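Below: one structure, written as structure tokens.
In this text the structure is predicted, and so the values were computed from the model without any measurement. Just so you know, residue 1 is the first one in the sequence shown, and it goes up from there.
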Amino acid sequence: MSIPLSIAFFVVVFFTAALSGVFGMAGGLILLWFLLLVLPATSAIVVHGVIQLCSNASRAWFSRRYIDWRIVSIIASGGAVAALALALVNYSPNTTIVSLLIGLMPILVWIPKRWFHFDASRPGHAFGCGLIAGGLTIAAGVSGPTIDIFFIRTHMDRRQIVATKAAIQVISHAIKIIFYVTATLALTASQWGVVLLAIPLAILGTRSGNAILRRLTDANFRYWTRWIVTVIGGFYFLQGLWLLLA
């Protein structure tokens, strides 16, 4: 990356990490969009995975006493199965597919509660969450809105939701990096240098967002999560259509 592009990357990393620190997602969607502008889809997903792994790891650490490890382990097992299935079909992403998949995800957070009663605290639902979200994490690079429909309707409060989702995302991003190991090894030393310099900013942004989260009510947390993800998803979908028709 050039110096101006690297500076822009650092700024985006900090603010998107702060946004995710508040809502447990959304920031990663914006970060991936930026990376897709400057890198091939597989490389963008890998760099996104490294930054998000560190950001989520710090978020999980700051809120570690709220993590439900039983839910984490079940969802992670579903994600591993999804990764194996995609490896068997030799899946390879591109920017158009990624944009369309992410653009459709926000529909899930608007599904009326009476239609589905997904609950991450139920083992069968948690495993299903892992299968779906794990597959989307690899196919599109992110899966936040998908995971959210399994948590937003539980009886967990905002701190438990953000902390548990952060621990899940650490594992998901690690699996994603391993899945795209060829693209991981193809990154140059200078690109890795920029990524490593951005990691402390991701952690600092996460800590800033975590401080805001403590001042947010559960009602406002759920309200703003839906609208922020919807706006970002709409932008992705329009971008995907433009790429598809171009």
Side-chain angles (χ1 to χ4, degrees), residues 1-60 62 93-96 98-99 101-103 105-106 136-137 140-145 148 162 165-166 169-170 172-174 176-177 180 183-184 186-213 224-225 227-240 242-243:
M1 293 183 188
S2 64
I3 293 178
L5 197 56
S6 297
I7 293 173
F9 174 60
F10 294 149
V11 172
V12 170
V13 166
F14 175 82
F15 284 105
T16 55
L19 185 60
S20 288
V22 178
F23 297 103
M25 59 176 175
L29 297 173
I30 299 173
L31 176 60
L32 182 59
W33 173 79
F34 175 85
L35 292 170
L36 287 169
L37 293 178
V38 299
L39 294 170
T42 50
S43 298
I45 289 175
V46 167
V47 173
H48 175 271
V50 173
I51 297 296
Q52 288 293 292
L53 187 153
C54 296
S55 177
N56 279 283
S58 63
R59 186 158 67 248
F62 295 144
N94 60 55
T95 303
T96 302
V98 169
S99 297
L101 284 173
I102 295 174
M105 284 184 196
L136 285 172
T137 297
V142 294
S143 62
D148 194 59
V162 169
K165 283 172 57 179
Q169 295 283 36
V170 169
S172 296
H173 289 303
K176 181 174 69 177
I177 293 167
Y180 293 115
T184 303
L187 292 174
T188 65
S190 61
Q191 288 174 322
W192 275 116
V194 172
V195 172
L196 292 175
L197 287 173
I199 289 174
L201 292 172
I203 296 172
L204 183 60
T206 298
R207 189 171 184 84
S208 300
N210 191 257
I212 297 173
L213 174 65
W224 286 110
T225 294
W227 279 109
I228 290 172
V229 171
T230 299
V231 171
I232 296 172
F235 181 84
Y236 262 107
F237 188 71
L238 291 175
Q239 175 178 274
W242 181 79
L243 292 171

Hits for side chain to side chain contact (heavy atoms under 4.5 Å, CB included) against S208, two or more places apart or cross-chain, chain-then-number order -> F14
Hey, what's the ring geometry for H48 with H173, parallel, tilted or perpendicular (30° and 60° as the breaks)?
perpendicular
Rounded to the nearest 0.5 angstrom, the CG-NZ distance for N56 and K165 is 9.5 Å
From CG (L39) to CZ (F34), nearest 0.5 Å:
9.0 Å
Results of ring-ring contact (aromatic ring centres under 6.0 Å, His included) for F10 - residues two or more places apart only:
none
Closest non-hydrogen atom pair between W33 and F235, with its separation
NE1-CE2, 3.0 Å
Using every non-hydrogen atom in the two residues, find where S6 and V194 come nearest and quote the distance to one decimal.
OG-CG2, 3.7 Å
Suppose we screen for side chain to side chain donor-acceptor pair (under 3.5 Å). Which residues come up paired with S172, at least two apart in sequence or across chains?
none
Partner residues of S99 under the side chain to side chain donor-acceptor pair (under 3.5 Å) criterion, sequence neighbours left out:
Q239
Can you confirm whether more than 12 heavy atoms, excluding those of F62, are under 6.0 Å from its CZ atom?
yes
Gap separating the CG atom of L136 from the CG atom of L101, nearest 0.5 angstrom:
6.5 Å
Which pair of non-hydrogen atoms, one from G49 and one from I177, has the smallest distance, and what is that distance?
C-CD1, 3.7 Å
Identify the heavy atoms of R59 and A166 that sit nearest to each other, and give their distance.
NE-CB, 3.9 Å
Across all chains, not counting sequence neighbours, the side chain to side chain contact (heavy atoms under 4.5 Å, CB included) partners of V195 are V47, V50, I51, W192
Minimum heavy-atom distance G240-T96, with the two atoms named:
O-CG2, 3.8 Å
Nearest 0.5 Å please: distance from the CD1 atom of I45 over to the CD atom of Q52.
12.5 Å
Atom pair CG/CG of L32 and L37 - distance to nearest 0.5 Å
9.5 Å
Show the nearest heavy-atom pair for residues V98 and P93, with the distance to one decimal.
CG2-CB, 4.1 Å
Anything under 3.5 Å between a donor and an acceptor, one on a side chain of residues 196-204, the other on a protein residue two or more places apart or in another chain? List them.
none

From L31 CG over to L19 CG, what is the distance, rounded to the nearest 0.5 angstrom?
11.0 Å
